[in-house]
Amino acid sequence: MIKNQTVWLFSIALMAFTGCVQAQEAKVGSIKIENAYVRATAPGQPAAGAFMKIENGGTAADQLVSASSPAAGEVQLHQMSMEGNVMKMGQVKDIVVPANGSVDLKPGGYHIMLMNIKAPLKAGETVPVKLKFAKAGEVEVKLPVNAVGGGMNMH
């Protein structure tokens, strides 16, 4: 009985982590990227969200001003916000990373949209994304593709 319960619990834990791969980290100047990932897409799905934590160890604020990826025709910086009782999403020109602070790009807030995806993003793969900061410069991050519902929250 106990052996069956142990196997069952192990199987549930394994299923919970299926499709989640280790989040990517990178550094450029005083900027550090942590817990970066992109969500998997279904065939024909034209866009996917990318998420991460951006830390700024410097004494001056910086801005994420653009992103690009060979996996997408266009990459945009976005923000979701509530206006009254309606959730709206729209493109922003930059994302400020405060001095000695951080910003979380996460579902429901700031995020990166990979648009006009050239091929479905499959769990277990990685997607290269180049991030450009106003002060720190450019850095390429290889974002692991997580299964839908397999987002990571490792803060």
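Quantities reported herein were computed from a predicted structural model and do not represent experimental measurements.
- Heavy atoms of other residues, nucleotides or ligands lying less than 6.0 angstrom from NZ of K130 number 12 at most.
- Side-chain contact check for I95 versus V103: some heavy-atom pair is nearer than 4.5 Å.
- Side-chain contact check for E138 versus E140: every heavy-atom pair is 4.5 Å or farther apart.
- The shortest side-chain heavy-atom distance between E34 and S102 does not fall under the 4.5 Å cut-off.
- Rounded to the nearest 0.5 Å, atoms NZ (K53) and CG (L105) are 12.0 Å apart.
- Under the 4.5 Å side-chain heavy-atom criterion for grouping Ile, Leu, Val, Met, Phe, Trp and Tyr, M89 is connected to M87 within one hydrophobic cluster.
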Practice problem: Output, in order, the C-alpha distance, side-chain angles, deciding distance and verdict of side-chain contact (heavy atoms from CB on, under 4.5 Å) for M113 and Q91. | Solution: CA-CA 9 Å; M113 285 298 296; Q91 186 175 5; over 6 Å; no

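- Considering NZ of K106 and CE of M80, their distance stands at 12.5 Å, rounded to 0.5 Å.
- K93 is not listed as a side-chain neighbour of Q63, based on a closest heavy-atom distance of 4.5 Å or more.
- Heavy-atom minimum distance, D62 versus A134: OD1-N, 3.3 Å.
- Contact record, A147 with A40: CA-CB, 4.1 Å, taken as the closest heavy-atom pair.
- Using a 4.5 Å heavy-atom threshold, the side chains of L143 and Y37 count as separate.
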Quiz item: Would T126 and V145 count as a side-chain contact (heavy atoms from CB on, under 4.5 Å) if you check the C-alpha gap in whole Å, the side-chain angles of each, and the deciding distance to 0.1 Å?
Solution: CA-CA 6 Å; T126 59; V145 179; 5.9 Å; no

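- Contact between N100 and G57 at its shortest, heavy atoms only, is OD1-O, 3.3 Å.
- The backbone N or O of P144 sits nowhere less than 3.5 Å from a side-chain atom of K142 that would complete a donor-acceptor pair.
- Side-chain contact between N56 and I54 is absent, with no heavy atoms from C-beta onward closer than 4.5 Å.
- The shortest non-hydrogen separation linking L64 to K132 is CD1-O, 3.5 Å.
- Counting heavy atoms from C-beta outward, V38 and V129 have side chains that stay 4.5 Å or more apart.
- Side-chain heavy atoms closer than 4.5 Å link hydrophobic residues (I, L, V, M, F, W, Y) into clusters, and following such links, even through other members, never connects V28 to V96.
- Annotation: the span from I31 atom CD1 to L131 atom CG amounts to 10.0 Å, rounded to 0.5 Å.
- Annotation for A123 and N146: closest pair CB-C, 4.3 Å, computed over non-hydrogen atoms.
- The environment of K122 atom NZ is sparse: at most 12 non-hydrogen atoms of other residues, nucleotides or ligands sit within 6.0 angstrom.
- At a threshold of 4.5 Å between side-chain heavy atoms, the hydrophobic network of Ile, Leu, Val, Met, Phe, Trp and Tyr places V141 and V65 in two separate groups.
- A continuous path of Ile, Leu, Val, Met, Phe, Trp and Tyr side chains, each step under 4.5 Å between heavy atoms, connects V92 with V97, placing both in one hydrophobic cluster.
- Shown here for P120 and T41, the closest heavy-atom pair between the two residues is CA-OG1, 3.4 Å.
- Distance check: F133 CZ to D94 CG gives 11.0 Å after rounding to the nearest 0.5 Å.
- Note that CE of M115 is 5.0 Å distant from NE2 of H78, once rounded to the nearest 0.5 Å.
- Put simply, the side chain of N35 does not reach to within 4.5 Å of the side chain of M52, judged on heavy atoms.
- If you take OG on S30 and CD on E55, they are separated by 11.0 Å, rounding to the nearest 0.5 Å.
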